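Report on one structure; see the data block that follows.
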Amino acid sequence: MKNKFYITTPIYYANAKPHIGHAYTTVAADILARWNRQQRKKTFLLTGTDEYGLKIQKKTEEAGKDSQQFVDEIAEEFKSLCEKLNINYDNFIRTTDKKHKETVQKVLQLLYDKGLIYKGTYEGLYCVGCEQFKNKSDLVDGKCPEHNIKPEIIKEESYLLKMEEVQSQLTEKIKSDEFKIGPEKYKREILSFLERQKLQDVSISRKNVSWGIPLPFDKNYTTYVWVDAFLNYLTGVGWNGSLPLEKGELERDLKNNVVDESNILQSKESFKSPRSPFLKGENLGFWPPDIQLIGKDILRMHATMWPIMLLHLGIELPRELFVHGHILSEGKKMSKTLGNVIGIDEMLEKFGTDGTRYLLMSAGSFGEDIDMTMERMVEKYNADLANGLGNLISRVVKLMEHGTWNMKHKTINNEQFSKKIDELELDKALNYVWNIVREDNKYIEDAKPWELAKDESKKEEFRKVIQKLVDDLSLIAEFLKPFMSETAEKIKKALKTERLNEVLFKRIK
RNA sequence: CGCGGGGUGGAGCAGUCUGGCAGCUCGUGUGGCUCAUAACCACAAGGUCGGCGGUUCAAAUCCGUCCCCCGCAACCA
């Protein structure tokens, strides 16, 4: 299908409440989705939660809670965050959805039948204290840090996914950008990883985890969470596991109703307007994803196991995996111990929805790690939003009192700006807009319209100056739509009614 | 020699691919303005672009080497 845009966020692991990192990825995805929707592309934004696995099982067991009830609560938290951030998603997938589970089992059976999953032995370092396998990187001085004992090398019967046979094919696709990994540095990292060694087959079964999807061909095991999690990108647009993947056209897909509607939460905007037309049906016309946003922590798996599963299934790979950096605080990872955690709720409370969205996206190059502190965010909020954009609107609206103005609807025909978004330079796109804000503030200073207004003979000149500012602001509103849709609306309304009902971005402190 | 990234005025960053006067925002100082959210505008101070060496008419940028910081080193996600 042409003229479509399918974007995914990772599904977030439901072992704890959402934090700023989740907000960052999801806001970026939402902006890209809104932008493409604005370009009249049929757009689908998928997000959701990953709800199985040992971590959650242990956590709920220890707390004496029911796992399902626990993840239900966490899923609600994530949905509520989306609402607070004004995320206009088309589907919120949960891996405990019945339909998702069924499809995962179908896929596993298929891979098993094809001999791509086989029974073998998994050899790993097993800590008796933890009752689980450990990574080398988890160990401190070769010992389990929790129990301070050396783990034993244990062989366990397990179901393994064949990796190596499609490895060179994968490497080629990454090299040629058929399966693009961006930014470039992450492509290099993955290629160097893939070219250095043969991939080991990955164990896709778990014996000691009951909180998971049972293997269809051996009920003594559950499915390794990653396998289950990856398939969300397919089930999230309504795939039911049948092959070959018949993509069809959206129009036809709309007739079916595969996506579980109970999980569709209406975001603020879709409350007002008709809900996304793509919420129903097998929307496989959207396949493959045009962009899959991920954090750098999950790159390895997303660039190996996930595409390998697809290659095995004969399904087209995503067009691009885009890796963004982490949000650091005071140059370090946020941690409770360091006390440098910036809470997303705190941000929302302080800066509001659009303020938070702006601060997240303008904090640094999208794709690099960014460093944030509350102090600097307050500074930036005051400088860019209150003193910059907010004040500019106040000035212009007040000056509009003396005259009547043309409110032409502006459409974006600006290659510079569009290119930045299409190349995922979201921070640069915002910076482009703020250059206009700064120029306009300067322009007012130079043109001195308040003096022109007093002089009858300079009426025409005055009219020109204000009209230019009105035009610029309508354009700015258009630019801001995907980033801060509520603000964009307020600006438009203010220009239309020639008055500002509220201070846009009140200065803080 | 495991892999990848990074080191640019006081702070945060862009620029490096494709060499061409070192740039942006914040902060600081001085002045201006009054349409505006005590906002805005101008000017100024402040940098051996991590060190050393090389290529070049010319290096933050290319090459070599060294130092420092961060992430990763696959089945927790």
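In the text below, chain A, chain B and the rest are named by the order of the sequence lines, each starting its count at 1. Here the structure is a predicted model, which means the values were calculated and not measured.
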Is [X] near enough to [N] that one of its side-chain N or O atoms lies under 4.0 angstrom from OP1 or OP2?
| X | N | answer |
| --- | --- | --- |
| A:T373 | B:rG12 | no |
| A:K442 | B:rA42 | yes |
| A:R196 | B:rG2 | no |

Categorize [X] for me: base, sugar-phosphate, or nothing, with a 4.0 angstrom heavy-atom threshold over every strand shown.
| X | answer |
| --- | --- |
| A:R507 | base |
| A:N387 | sugar-phosphate |
| A:S365 | sugar-phosphate |

Side chain of [X], base of [N]: donor and acceptor closer than 3.5 Å?
| X | N | value |
| --- | --- | --- |
| A:K55 | B:rC76 | yes |
| A:E379 | B:rG27 | no |
| A:R395 | B:rA36 | yes |

Using heavy atoms to find the nearest nucleotide of RNA chain B for A:F505 and A:K333 separately, return the residue whose nucleotide is more 5′.
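Mapping each residue to its closest nucleotide by heavy atoms, the 5'-most match is A:F505.
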Let's see if you can work this out: which of [options] has an atom nearest to the side-chain heavy atoms of [X]?
| X | options | answer |
| --- | --- | --- |
| A:E451 | B:rG71, B:rG5, B:rU34 | B:rU34 |
| A:R438 | B:rA39, B:rU37, B:rU25 | B:rU25 |
| A:Q197 | B:rA74, B:rG71, B:rA39 | B:rA74 |
| A:W450 | B:rC40, B:rA11, B:rC33 | B:rC33 |
| A:S192 | B:rC3, B:rG5, B:rG71 | B:rC3 |
| A:R376 | B:rA11, B:rC3, B:rC33 | B:rA11 |
| A:K296 | B:rC3, B:rG71, B:rC35 | B:rG71 |
| A:D371 | B:rU25, B:rA74, B:rC13 | B:rC13 |
| A:S394 | B:rC3, B:rA36, B:rC35 | B:rA36 |
| A:L199 | B:rA14, B:rC40, B:rA74 | B:rA74 |

If we count only N and O atoms by modelled type, under 3.5 Å, do the side chains of A:E51 and A:T49 hold a donor and an acceptor together?
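Per modelled atom types, A:E51 and A:T49 side chains form a pair under 3.5 Å.
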I'd like to know if the side chain of A:D354 pairs up with that of A:T487 as donor and acceptor (distance under 3.5 Å, no hydrogens or angles considered).
yes
[Y] backbone acceptor or donor facing [X] side chain under 3.5 Å:
| X | Y | value |
| --- | --- | --- |
| A:Q197 | A:F193 | yes |
| A:Y381 | A:R376 | no |
| A:Q105 | A:P214 | yes |

Take atom [atom1] of [X] and atom [atom2] of [N], then tell me their distance rounded to the nearest Å.
| X | N | atom1 | atom2 | result |
| --- | --- | --- | --- | --- |
| A:D455 | B:rC35 | CG | P | 15 Å |
| A:M372 | B:rG12 | CE | C1' | 12 Å |
| A:L328 | B:rG6 | CG | C1' | 12 Å |

With both distances under 3.5 angstrom, what nucleotide forms a Watson-Crick or G-U wobble pair with B:rG23?
B:rC13
A side-chain contact here means heavy atoms from C-beta on lying under 4.5 Å apart; do A:F479 and A:W434 qualify?
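No; the side chains remain at least 4.5 Å from each other.
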